[in-house]
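Heads up: the structure comes next, in structure tokens.
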Amino acid sequence: MRESFDVAIVGGGPAGISAACVLAEKGVRTIVFERGEYAGAKNMFGGVLYGHDLARIIPDFAERKCPVERNIVESRIWYLSREAGFNLAYRDQAFFDQLRNNVFTVGRAKFDRWFADQARARGALVVCSTVVTDLMKDDAGKVCGVVADRPQGELKARVVILADGINSPLAGKTGFRPEPRPEHVALAVKELIDLPEETINARFQVEADHGVTTEILGETTRGMNGVAFLYTNRSSISLGIGANLAALSQRRVRPYELLEEFKKHPMVAPLIQDGKPREYLAHWLAEGGYDTMPHLCGDGYVIAGDSAMMFNALHREGSNLAMASGQMAAMAVYDALNKGDVTRKGLEGYRDLLKDSYVLKDLKKYRRFPSFLDSHDELFSTLPRLKCMAAREMLTVNGVTKKEKQGRIWKKIRKEMSLKSLFRLVWDGWRSVR
Amino acid sequence: MTVKVEDKLFLDRFRVDEEPHLVLKDARVCVADCEEQPCLYICPAGVYKLENGRISVGYEGCLECGSCRIGCPHFNIEWRFPKGGYGVRHKFG
């Protein structure tokens, strides 16, 4: 490849394409390398996308036929024992009428492909079926291009944006980010289940184009720090479960067995009954949070999105952080190119932009949350079991007085959890999110 | 519960390269030094199987998550992405 580019971007996901859109629009010669046959071919997430950061890049995304599945009007949180569970739901028609583009479901194979086309329309070159296997460095050690797995695969660029996702052999090889440890990622598996559109509308009690998301915690992950989810698409359901990789490894749990067990839970099974499995996927989540993030720039490069471990586990936000960081990376790179300083110092503007935004502020606020979940297994075992026991007891009318019932419940709780551990759970939990 | 992961992988589309992208650096380590063998459990595609006392690597069904690479206690897996355009290909994502 003899042509030269101002910016080479590794990875055609939300972070990389966002950066490409912004740069190309400013007239910067930009190339994106995507290893899949098309953008999105390799990508997976739960299924929920927020519109705010997308709209900052493509304000008229709805008119441009962004492949939205359903606009989410109801968010549910379930807390489950093995056979029962609690449901907390919030439904608001405003999320369809006035705030329609706030949050919606998408399939990444469709969405990323569409998003890459928007970058192309703005003048970026998006090259698919190409893996970046190494970074070029000049004599001073500054990154000055990429090496791709094709003949004459070396391509020079003034700046490289690393947006190659959380699983990055390139990071391992070049050291721009440490390889994650098993305890710092969750391994999630997801299945896509086809159901007729009307069946989904009926089962979730929604009108056409309206959707429901459900986040699930509890015994579903067999005592491991993890989460499950169930999201409605137009004529399919995205259903998945993930747990800390170190825990899966230690307990010798096969992820797909966890998934099958989850599908059989009495609160899940009726929703997916007679559905036809259509696709099976696996991906990591950056569970380590703020404290596992690398330094976000170096001489000749910046890191954006999942590649920089940007993930807010509490609020299931990742792809929006990727888009926001991709956009800010592009703005900082543009400034650095104009100033003629693309060293680490010249690119630090990226970090400043992120620091002033919700991205780093939120990640910092919840920095203790991952270790809170990791150090409180009872959230995924004893606690949901006891809570369900208490609810069953109180809702069973059998002639026993309510006072006696309360006494029984309290006794059972105290048998399994000391006052101290209960207090510690509440205290640690509050501290991790305040 | 026994779940056949093959039934799940059957749903996916793969473009398989003749050259494997997952290789055991030293197959003896898996047998002689690795008691835990977590690759047999954590892989969401069941790529790793114990056959006749050896670990076999069915890279064809790999979902490219990377778990085996960082989960191997001996870092004994040479792991790279399949060549551009090869490997798993999502239809919906």
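Hydrogens, waters and symmetry mates are skipped; everything else that's a heavy atom, side chains included, is used. Proteins come first, then strands; the chains are lettered A, B, ... in the order of their sequence lines, and each starts at number 1.
For chain B, no part of A:I166 is nearby; none of its heavy atoms comes within less than 4.5 Å. Neither the backbone nor the side chain of A:E34 comes within less than 4.5 Å of any heavy atom in chain B. When heavy atoms are compared at a cutoff of 4.5 Å, B:C39 does not approach chain A at all. Neither the backbone nor the side chain of A:T133 has a heavy atom closer than 4.5 Å to any heavy atom of chain B. A:D149 touches chain B through its side chain: at least one heavy atom from C-beta onward sits under 4.5 Å away, while N, CA, C and O do not. For A:V189, the part lying near chain B is the side chain, with the backbone staying farther off; criterion is any non-hydrogen pair under 4.5 Å. Heavy atoms of A:F111 lying under 4.5 Å from chain B are absent altogether. At a 4.5 Å heavy-atom cutoff, the contact between A:E69 and chain B is made by side-chain atoms alone.
Residues A:R108 and B:H90 have side chains not in contact (no heavy-atom distance under 4.5 Å, counting atoms from C-beta outward). The side-chain heavy atoms of A:Y280 and B:L63, taken from C-beta on, include a pair separated by under 4.5 Å. With a 4.5 Å cut-off on side-chain heavy atoms, B:F92 and A:N233 count as touching.
A side-chain contact (heavy atoms from CB on, under 4.5 Å) with B:I70 is found for one member of A:E179, A:H184, A:R181 and no other, namely A:E179.
A distance-only check finds a donor-acceptor pair linking the side chain of A:N167 to the backbone of B:C65 [under 3.5 Å]. Distance alone, capped at 3.5 Å, is enough to place a donor-acceptor pair between the B:K91 side chain and the A:R278 backbone. The backbone N or O of B:V88 sits less than 3.5 Å from a side-chain atom of A:K42, completing a donor-acceptor pair. Between the side chain of A:R252 and the backbone N or O of B:E36, at least one donor-acceptor pair lies under 3.5 Å. Remark: side-chain polar atoms of B:Y86 are not paired, donor with acceptor, to backbone N or O of A:S129 under 3.5 angstrom. A donor-acceptor distance shorter than 3.5 angstrom exists from the side chain of A:K190 to the backbone of B:G93, with no hydrogens or angles considered.
Atom CZ of A:R251 is surrounded by more than 12 heavy atoms from other residues, nucleotides or ligands within 6.0 Å. Summarising the local packing, NZ of A:K276 is surrounded by 12 or fewer heavy atoms from other residues, nucleotides or ligands at distances under 6.0 Å. Within 6.0 Å of CD in A:Q250 there are 12 or fewer heavy atoms belonging to other residues, nucleotides or ligands.
Contacts with chain A were tallied for B:Q37, B:R15, B:R69, B:R80; B:R69 has the most, counting heavy-atom pairs under 4.5 Å. Between chain B and the options A:L192, A:L248, A:V106, heavy-atom pairs under 4.5 Å are most frequent for A:L192. With respect to chain A, the highest number of heavy-atom pairs below 4.5 Å among B:D7, B:L9, B:D12, B:L40 belongs to B:D12. Considering only heavy-atom pairs separated by less than 4.5 Å from chain A, the leading option among B:P44, B:P73, B:P38 is B:P44.
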**OP:** In sequence, state the C-alpha distance, the side-chain angles, and the governing distance for B:K4 and A:E260, and then conclude on salt bridge (charged side-chain N to carboxylate O under 4.0 Å, His left out).
**Re:** CA-CA 10 Å; B:K4 277 173 76 184; A:E260 282 309 300; over 6 Å; no

Subject >> side chain to side chain contact (heavy atoms under 4.5 Å, CB included) between A:R150 and B:K83, intermediate numbers included >> reply: CA-CA 9 Å; A:R150 47 163 66 195; B:K83 263 185 233 134; over 6 Å; no

Subject >> Test log, rule side chain to side chain contact (heavy atoms under 4.5 Å, CB included), inputs B:F81 and A:L170 >> reply: CA-CA 10 Å; B:F81 282 132; A:L170 186 64; over 6 Å; no

**OP:** Start with the C-alpha distance between B:R89 and A:E279, add both sets of side-chain angles, then the distance that settles salt bridge (charged side-chain N to carboxylate O under 4.0 Å, His left out), and finish with yes or no.
**Re:** CA-CA 10 Å; B:R89 183 174 49 173; A:E279 191 164 52; over 6 Å; no

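Closest of all the heavy-atom pairs between B:L11 and A:P277 is CD2-O, 3.3 Å. Summarising the geometry of B:P82 relative to A:V131, their closest heavy-atom pair is O-CG2, 3.4 Å, with the distance given to 0.1 Å.
Remark: A:E37 does not engage B:R13 in a salt bridge, criterion side-chain N to carboxylate O under 4.0 Å.
Side chain to side chain, A:R254 and B:Y41 fail the donor-acceptor criterion of an N or O pair below 3.5 Å.
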